Amino acid sequence: MAENETLVGIIMGSQSDWGTMKEAAKILDELGISNEAKIISAHRTPQRLHDYVDAADAKGMKIIIAGAGAAAHLAGVTAALTTLPVLGVPMESPALKGMDSLLSTVQMPGGIPVATLAIGKAGAKNAGLFATAIIALSDKDVSERLIAWRKKQAAAIPLDPVD
């Protein structure tokens, strides 16, 4: 990996999404996957989105994780602008508990794929793990770190319940 290479981009529609999306960054950091997080709105900063996607290859990016709420078009528009894998994280919203975001993220037209994860923090965490698994396909060191992480996770679950 080149010194300034960023393997995973994490983008979100607004500052309020960071409380959720930082779960992806935490996992990627824990597993030693270079990443960056940016606030980019498909609707309010469309040129920023175009510029970000255009620069992704030069940064060495392999995957983009996109999280947004309400209309939640960020992942879909990102996927329309790049052939990189895009992992969509629907934000939980007060009005519809994230169902609006989920449907907007998952229901893409044929030909523009977005791999959609669960609503909220669990989805962001899993997006970080899924991005790591994709990178692990071609990086033995990352694969070994992911295997060790999964073993550690399993070992932390007790077999017998405690009172």
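Treat the numbers as computed from the prediction; the structure is a model and nothing was measured.
Taking CD1 of I119 as the reference point, atom NZ of K97 lies at 11.0 Å (rounded to 0.5 Å). Between the CD atom of Q47 and the CD1 atom of I40 there is a distance of 11.5 Å, given to the nearest 0.5 Å. For the atom pair OG of S16 and CE of M21, the computed distance is 11.5 Å after rounding to the nearest 0.5 Å. For the atom pair CG (L84) and OG1 (T78), the distance works out to 10.5 Å, reported to the nearest 0.5 Å. Expressed to the nearest 0.5 Å, how far CD1 of I64 lies from OG1 of T6 amounts to 11.0 Å. D54 contributes atom CG, which lies 9.0 Å from atom CG of L49 (distance to the nearest 0.5 angstrom).
Scanning all heavy atoms of the two residues, the minimum distance from S93 to G98 falls at OG-N, 3.1 Å.
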Return all side-chain donor-acceptor pairs below 3.5 angstrom for residues 22-33, not counting sequence neighbours, or 'none' if the list is empty.
{"unit_1": "E23", "atom_1": "OE2", "unit_2": "K26", "atom_2": "NZ", "d": "3.2"}
{"unit_1": "D29", "atom_1": "OD1", "unit_2": "N35", "atom_2": "ND2", "d": "2.9"}
{"unit_1": "E30", "atom_1": "OE2", "unit_2": "W149", "atom_2": "NE1", "d": "2.9"}

Anything under 3.5 Å between a donor and an acceptor, one on a side chain of residues 150-163, the other on a protein residue two or more places apart or in another chain? List them.
none

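Taken together through direct or relayed side-chain contacts under 4.5 Å among Ile, Leu, Val, Met, Phe, Trp and Tyr, V86 and I10 form parts of separate hydrophobic clusters.
Each ring-ring contact (aromatic ring centres under 6.0 Å, His included) pair with one or both residues in residues 115-140, not counting sequence neighbours, would appear here, but there are none.
Contact check for M12 versus M91: no side-chain heavy atoms found under the 4.5 Å cut-off.
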